K.L.:
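Supplied in structure tokens, the structure appears directly below.
These numbers were taken from a predicted model, which means no experiment stands behind them. Here is how names work: the chains are called A, B, and so on, in the same order as the sequence lines, proteins then strands, and each is numbered from 1.
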Amino acid sequence: MDRIWDFSSVFASRELLLVGLGNTVKLGVTCLVIGLTAGLFVGAARYSRNRLVNWPASAFVEVFRNTPALVQIMWFFFAFPIISPFNIDAFTAAALALSLNATAFCAEIYRGGIQSIERGQWDAAKAIGMSYSQQMRRIILPQAITRMVPAFMNRAVELMKMTSLASVIAFGELMHQGKAIATYNFNPIETFTVVALIFFVLIYPLALGVLRFEARLGRSQ
Amino acid sequence: MGYEWDFAVVLRDSDLLLLGLVNTLKVTILALVFGVPLGLGAALLRLSSNRLVRGLVGFLIEFFRSTPPIVQLFWFFFALPLLTGIEISPFGASVLTFSIQSSAFFAEVFRGGIVSIERGQWDAAKAIGMTRNQTLARIILPQAVTRMIPAFLERVIELMKTTTLVATVSYADLLYQANNIAQSTFRPLEVYTVAAVMYFAVLFPTSLGVRRLERHLARSGATTAH
């Protein structure tokens, strides 16, 4: 078919796309920060020997890792408001779902990283009189973090891709803006191509960073 | 909180949810059937000695790995029919998208497995007169496949989670059925909770199985590629 590609209508809507890009980044960064922070505590809880601590943490991690992110977003947007004490808009629902999702995955990364540190490091720290939290903060985490960086970057890649799911509940991120522009101008080919390219430009450097970092880590260890 | 849970309405429509689950599995399995061979092909092309082929296939793999699957699905569903003039059903678009999307990830699993096999194996096969294809089929792949299994199954789980996106183009998968039932019964809390539980019921045992297999393989010496 001879079809003339016409990107001018997409270009005319660039401000809508920019707003979408801003919202995508806002959602992604919010969830990443929360996931990285909360994940440490959930990961540590899973590592605990106390059943009352590690069982709920494990259940949380398994539930969020073994259900689709889109179902989580829909649940927080359509189902959760019924029992929630506060109002939930599209951003809050998406941020809640994806933050908890990121927390569960990050918790596993922390746990894996901490477990990869040899037992002797804990013993040595204990022998010089450190408490558990001192051992963790001063000895174990600083060593484990470097090993975890590629996995965290991978999570960031996955998370940035997942933010596009928020378009389903009409949060005005990039994909949602793209849908609106495509419907309004009848130009799905150009619009979705441009949206895909913007996502690629946003996410690929991160993916490339993972490879670079892994290669460096591989050389140094 | 004064909310009264009522799962009876969900039970009444449980056949619709089950049908949705079957459709979810159908898309997942078809995407695997097409995605795995396509992924193997892409991996081999990415390892090709031709620079142009290597670069082009590498770019395609990276592109499909680095863009959100929902954008790909919308492209194949809304844009491709306009470009080609061929009508495509939600089911067709879903299978097409997820075959290609998952093949990009499978390609990386295959590549990881293949490059993890020591150089000496290639040399030894060559020394006894095997061609590149023979070496690959008889020596390298059989060894690489065991190492790939955990990473491969991990991808299958991801794929099944990703297929929920087909609900957005009105293919009647589990999530789509849940949306409809939630709207007609005004019971979103129960319906979405049950849908989540159904996904969990399939995915959790699968993940446990993968982990057990991974430990088993690690013990038996066949280390994982990832």
Side-chain angles (χ1 to χ4, degrees), chain A residues 1 3 5 24 62-85 157-158 160-168 173-175 178-179 182-183 186-208 211, chain B residues 1-3 5 24 59 62-86 157-158 160-168 174-175 178-179 182-183 186-193 195-208:
Chain A
M1 289 242 306
R3 195 181 178 286
W5 290 61
T24 293
E62 294 302 350
V63 165
F64 276 91
R65 276 165 53 103
N66 288 301
T67 47
L70 185 55
V71 174
Q72 294 161 10
I73 289 176
M74 301 280 247
W75 194 91
F76 276 101
F77 189 64
F78 292 113
F80 186 57
I82 295 174
I83 46 169
S84 140
V157 168
E158 288 302 315
M160 286 316 283
K161 289 197 282 175
M162 277 183 195
T163 58
S164 62
L165 299 177
S167 65
V168 175
E173 49 69 72
L174 192 52
M175 182 61 192
K179 271 176 11 191
T183 314
F186 306 108
N187 59 352
I189 306 178
E190 291 85 353
T191 307
F192 290 132
T193 305
V194 170
V195 168
L197 286 173
I198 299 178
F199 269 113
F200 182 69
V201 170
L202 186 67
I203 293 170
Y204 185 60
L206 263 173
L208 211 60
L211 293 179
Chain B
M1 234 148 316
Y3 185 75
W5 294 72
T24 291
F59 175 76
E62 292 307 329
F63 191 82
F64 276 94
R65 277 162 50 100
S66 302
T67 49
I70 193 171
V71 182
Q72 298 162 12
L73 181 63
F74 271 63
W75 200 92
F76 281 115
F77 187 62
F78 292 110
L80 189 66
L82 290 177
L83 270 179
T84 58
I86 301 166
I157 293 173
E158 284 303 311
M160 187 172 158
K161 289 198 275 180
T162 318
T163 59
T164 47
L165 291 177
V166 302
T168 61
L174 178 51
L175 182 59
N179 286 341
Q183 269 167 27
F186 302 107
R187 286 275 167 188
L189 188 56
E190 289 85 347
V191 176
Y192 285 113
T193 306
V197 168
M198 287 173 78
Y199 276 110
F200 186 76
V202 176
L203 291 167
F204 184 54
T206 317
S207 313
L208 283 183

K.L.:
Could you tell me which portion of B/Leu80 (side chain, backbone, both or neither) has an atom closer than 4.5 angstrom to a non-hydrogen atom of chain A?
P.N.:
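Answer is neither: B/Leu80 stays 4.5 Å or more from chain A.
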K.L.:
Under 4.5 Å heavy-atom distance to chain A, tell me which part of B/Thr168 shows up: side chain, backbone, both or neither.
P.N.:
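Contact with chain A is through the side chain of B/Thr168 alone.
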K.L.:
Please flag which part of B/Ile70 lies under 4.5 Å from any non-hydrogen atom of chain A: side chain, backbone, both or neither.
P.N.:
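For B/Ile70, heavy atoms of backbone and side chain both lie under 4.5 Å from chain A.
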K.L.:
At their closest point, which heavy atom of A/Thr191 faces which heavy atom of A/Gly178, and how far apart are they?
P.N.:
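For A/Thr191 versus A/Gly178, the nearest heavy atoms are CG2-O, 3.3 Å.
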K.L.:
Please check: side-chain N/O of A/Ser84 versus main-chain N/O of A/Phe80, any donor-acceptor pairing under 3.5 Å?
P.N.:
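No, the answer is negative, given that no donor and acceptor are paired below the 3.5 Å cut-off.
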K.L.:
Sort B/Thr193 into side chain, backbone, both or neither according to what part of it lies under 4.5 angstrom from a heavy atom of chain A.
P.N.:
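Both backbone and side chain of B/Thr193 come within 4.5 Å of chain A.
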K.L.:
Which of the residues A/Val168, A/Thr193, A/Val195 is involved in the greatest number of heavy-atom pairs with chain B at under 4.5 angstrom?
P.N.:
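Counting heavy-atom pairs under 4.5 Å, the top option is A/Thr193.
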K.L.:
Taking all atoms of both residues into account, what is the closest heavy-atom pair of A/Ser167 and A/Met175, and its distance?
P.N.:
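Closest heavy-atom pair between A/Ser167 and A/Met175: OG-CG, 3.6 Å.
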K.L.:
How are the rings of B/Phe59 and B/Phe63 set to each other: parallel, tilted or perpendicular (split at 30° and 60°)?
P.N.:
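The rings of B/Phe59 and B/Phe63 sit tilted, inter-plane angle from 30° to 60°.
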K.L.:
Please find the pair of heavy atoms, one from B/Thr24 and one from B/Leu174, that lie closest to each other, and give the distance.
P.N.:
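In terms of heavy atoms, the two residues are closest at OG1-N, 3.2 Å.
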K.L.:
Find the one option among B/Arg65, B/Met198, B/Arg187 whose heavy-atom pairs under 4.5 Å with chain A are most numerous.
P.N.:
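Most heavy-atom pairs within the cutoff with chain A belong to B/Arg65.
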K.L.:
Do you see a donor-acceptor pair shorter than 3.5 Å between the side chains of A/Thr67 and A/Gln72?
P.N.:
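The criterion, which ignores hydrogens and geometry beyond distance, is satisfied for A/Gln72 and A/Thr67.
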K.L.:
If you count heavy-atom pairs under 4.5 Å between each of B/Ala182, B/Pro188, B/Ala178 and chain A, which one has the most?
P.N.:
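Highest number of heavy-atom pairs under 4.5 Å: B/Pro188.
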K.L.:
Quick check on A/Ala207 against chain B: is it the side chain, the backbone, both or neither that has a heavy atom closer than 4.5 Å?
P.N.:
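Only the side chain of A/Ala207 comes within 4.5 Å of chain B.
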